[in-house]
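Notes to accompany the following structure.
All residue numbers refer to positions in the sequence shown, counting from 1.
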Amino acid sequence: MTPQEASALVPGVIAGFVGVLELRSDTTRTNKIRNLVPVFLTFTLVIVFFSLERIINIASPYMPWLAYSMAALAV
């Protein structure tokens, strides 16, 4: 795993923790769904990042910038 991939994995791990905490919260079902939308978007972005890294080699010069920006957004 490259440092870029490791830094892109951070938002996915944080989103996982947030998703579990939100599912265990005592809010209503509609509030849970509304609060889980950013978690689903984060998982989608992480999947797209890893798909681009594996499939499209042309995008590799942009990958460090994307990985570091995703890690900064997660923090």
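With hydrogens and angles ignored, the 3.5 Å screen pairs a side-chain donor or acceptor of K32 with a backbone N or O of S25.
When side chains are defined from C-beta on, V18 does not count as touching L36, because their heavy atoms never get closer than 4.5 Å. Contact check for T28 versus N31: side-chain heavy atoms found under the 4.5 Å cut-off. Between V13 and V10 the shortest side-chain heavy-atom distance does not fall below 4.5 Å. Counting heavy atoms from C-beta outward, R34 and T30 have side chains that stay 4.5 Å or more apart.
No path of Ile, Leu, Val, Met, Phe, Trp and Tyr side chains, each step under 4.5 Å between heavy atoms, connects V20 with V37, placing them in separate hydrophobic clusters. Clustering ILVMFWY residues whenever any of their side-chain heavy atoms sit less than 4.5 angstrom apart, transitively, puts F40 in the very cluster that holds L23. Each of V46 and I14 belongs to its own hydrophobic cluster when Ile, Leu, Val, Met, Phe, Trp and Tyr are linked at side-chain heavy-atom distances under 4.5 angstrom.
Between T42 and A15, the closest heavy-atom pair is CG2-CB, 3.7 Å.
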